[in-house]
Asks: 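Here it is, the structure in full.
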There are 2 protein chains.
Amino acid sequence: MAVNRLTLGSRPDPASSEPVGFRPLYRQVKEVLVDRIARGAWRGGEAIPSEIEIAAELATSQGTVRKALDEMAAENLVVRRQGRGTFVARHDDARILFQFFKLAPDEGEPRFPESRVLRIGLAAADEAAARHLGLAPGTGVVELVRERSLGGRPAVFERIVLPAKPFAPLCDRPVPNNLYDLYATRFGVTIGRARERLKAVAAGPEESASLGVAPGAPLLLVDRIATAIDGRPAEWRISACRTDDLHYLSDLR
Amino acid sequence: MAVNRLTLGSRPDPASSEPVGFRPLYRQVKEVLVDRIARGAWRGGEAIPSEIEIAAELATSQGTVRKALDEMAAENLVVRRQGRGTFVARHDDARILFQFFKLAPDEGEPRFPESRVLRIGLAAADEAAARHLGLAPGTGVVELVRERSLGGRPAVFERIVLPAKPFAPLCDRPVPNNLYDLYATRFGVTIGRARERLKAVAAGPEESASLGVAPGAPLLLVDRIATAIDGRPAEWRISACRTDDLHYLSDLR
DNA sequence: CAGTGGTCTAGACCACATG
DNA sequence: ATGTGGTCTAGACCACTGT
């Protein structure tokens, strides 16, 4: 197995014309670890080696490894537990609820929604889908339309577009409620972050039928691009949300 | 002047019934520094003492002070610049745009909006305002209604409610475009974070007139409670936003 | 040049979890 | 008792900024 050679903190060649500037050691350590997680070296929930072991393997100090792991913990890639170890973060319902599902009832606790699939199948990426997912137009994609309910009442009508490679097998069996956990465990695609653009729109016929609101009623439209931890866009999702007794929570800090 | 006594990292009395658990030294250092900023020991943009000076004053190590300052930088309380020093964060337009103003044009760069005040005056807090601001109902509040434009076109119609203490003088002279900077420099209230709840609603008569949209057109309603760095709610703001060629940006990470 | 924050190291000890 | 991450310290050196 190849040894991980890390350049030292000091520049090896001061006259070099590298445009990268200075790359701290702890970022290189982080890069190695993120890459290993992205390649599935450990499963979600599994413990990674201890700081001391990683430090020994990469020939650096425990403090440097710690700084790398602290950054990864801040990005929700990893969970650290004193006395137990460092674990690859899982997309369990609690995390989804905290990080990715921002819709909550006006009164009462946030809950994870139930889902009902309305349509699923393969299609060719139109111009918008191709642009959002970084594909060539016409590339195969999986298209999934579903309805999500909170407290037994339909709340979200959404359309999800994924690259057929590697997600095509999704069409073959029932899809679970929690998709991001499935992406990670079955397809090795770990979603790291997402960017959402929100608009208020008038309900169209399909949305109004699904959500039980009048046509033209105001709905919150959430346009999300979710990105894997290797930085590649992995999912495009448009959700129309009822907000009569729900709201979208955004923390500014 | 009182000396800042910090407890050591080890528990002074293992049999003590203190419910606080363990309070790391660096958090106590942070607490001291946050408190000094909240009390206006340094103005926004001003440099605070160097790590070495703070460490000497509080009789701790540079590394501990650094950890405190790093956390404060992560919370946007402070800006650190290599070679120059550590500065109290200012609510300049760039920061507002990044942290608090999430509305951006669908095409083109985000910009800071212009504002036009429609009404300002003193009032008694109704039940909702009192609850949001942690006041007794009937307490005096400042109420400000304004219209904000992007690219010369009205985009946001908003109502802002503030405690009359200490904000009453706002009514006496023209209010600037950037309110959070004013809160900090003139009233010593530094906004640290905010929680926004979003809904899609139908435009009412006042909103539709101000924003130039049809009555009943869908608008994005943003209900914000902004909190000062000492943790107290300082502002309640409800904004109705046009989203035909704008969107609200939410980064999930 | 001196002074600042940033990185890296090494070691000691603490808090926590598990066996 | 052992091993994990968390805190704290001390010191060396690097990168950056201003004088």
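The sequence lines fix the lettering, A, B, ..., with proteins before strands; numbering per chain opens at 1.
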Asks: Report each atom pair, protein N/O against N/O of nucleotides 16-19 of chain D, whose distance is under 3.5 angstrom.
Replies:
residue : atom : partner : partner atom : Å
dC16(D) : O4'  : Q82(B)  : OE1          : 3.1

Asks: Find the distance Y26(A):OH to dC14(D):C1' and express it as a whole number of Å.
Replies: 13 Å
Asks: Does dT7(D) have OP1 or OP2 under 4.0 Å away from a side-chain N or O of K67(B)?
Replies: yes
Asks: I need the full list of salt bridge (Lys or Arg N to Asp or Glu O under 4.0 Å) pairs touching residues 184-198 of chain A, with sequence neighbours left out, sorted by first then second residue.
Replies: E196(A)-R224(A)
Asks: List in chain and number order the residues that pass salt bridge (Lys or Arg N to Asp or Glu O under 4.0 Å) with R111(B), two or more places apart in sequence or in another chain; answer none if no residue qualifies.
Replies: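 Counting only residues at least two positions away or on another chain, R111(B) forms no salt bridge (Lys or Arg N to Asp or Glu O under 4.0 Å).
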Asks: What is the distance, rounded to the nearest whole Å, between atom CD1 of I52(B) and atom P of dA10(D)?
Replies: 13 Å
Asks: Angle, rounded to 10°, between the helical axes spanning five pairs at each terminus of the helix from dC1(C)-dG18(D) to dT18(C)-dA1(D)?
Replies: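 It works out to 10° between the end axes.
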Asks: Are OP1 or OP2 of dT9(D) and a side-chain N or O of T64(B) less than 4.0 angstrom apart?
Replies: yes
Asks: Quick one: list whatever passes side chain to side chain contact (heavy atoms under 4.5 Å, CB included) with H91(B), sequence neighbours left out.
Replies: R95(B), I96(B), F100(B), Y180(B), D181(B), T190(B), I191(B)
Asks: Residues in side-chain hydrogen bond (donor to acceptor under 3.5 Å, both in side chains) with E114(A), at least two apart?
Replies: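 E114(A): no side-chain hydrogen bond (donor to acceptor under 3.5 Å, both in side chains) contacts found.
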Asks: Would you please name every residue forming a side chain to side chain contact (heavy atoms under 4.5 Å, CB included) with V88(A), sequence neighbours left out?
Replies: I37(A), W42(A), I48(A)
Asks: Taking only residues two or more places apart in sequence or in another chain, which ones pass side chain to side chain contact (heavy atoms under 4.5 Å, CB included) with L77(B)?
Replies: V34(B), M72(B), E75(B), I229(B)
Asks: Side chain of L25(A): nearest nucleotide among dC8(C), dG5(C), dG6(D)?
Replies: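 The nucleotide sitting nearest to the side chain is dC8(C).
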Asks: Does any residue of residues 72-81 of chain A have a heavy atom under 4.0 Å from DNA chain D, and if so, which ones, in number order?
Replies: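 Under 4.0 Å from DNA chain D: R80(A), R81(A).
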Asks: Counting heavy atoms from C-beta on, name the nucleotide in dT4(D), dG5(C), dG6(C) closest to the side chain of S50(A).
Replies: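 Ranking dT4(D), dG5(C), dG6(C) by closest atom to the S50(A) side chain puts dT4(D) first.
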Asks: Does Y26(B) have any ring-ring contact (aromatic ring centres under 6.0 Å, His included) partners at least two apart in sequence or in another chain, and if so, which?
Replies: none
Asks: If each of S61(A) and D70(B) is mapped to the nucleotide of DNA chain C with the nearest heavy atom, which maps nearer the 5' terminus, i.e. the 5' end?
Replies: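 Whichever sits nearer the 5' end wins; that is D70(B).
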Asks: OP1, OP2 of dT9(C) versus side-chain N and O of T60(A): anything below 4.0 Å?
Replies: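 Affirmative; the distance criterion is met.
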Asks: Decide, yes or no, whether a salt bridge links E71(B) with R66(B) under the criterion of side-chain N to carboxylate O below 4.0 Å.
Replies: no
Asks: Testing V161(A), V142(A), L162(A) one by one against E235(A) for a side chain to side chain contact (heavy atoms under 4.5 Å, CB included), which residue passes?
Replies: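 Option passing the side chain to side chain contact (heavy atoms under 4.5 Å, CB included) with E235(A): L162(A).
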Asks: Mind checking side-chain hydrogen bond (donor to acceptor under 3.5 Å, both in side chains) for D35(A) and listing every partner two or more places apart, or none if nothing turns up?
Replies: R39(A)
Asks: Got a sec, which residues hit side chain to side chain contact (heavy atoms under 4.5 Å, CB included) with Q82(A), two or more places apart in sequence or on another chain?
Replies: none
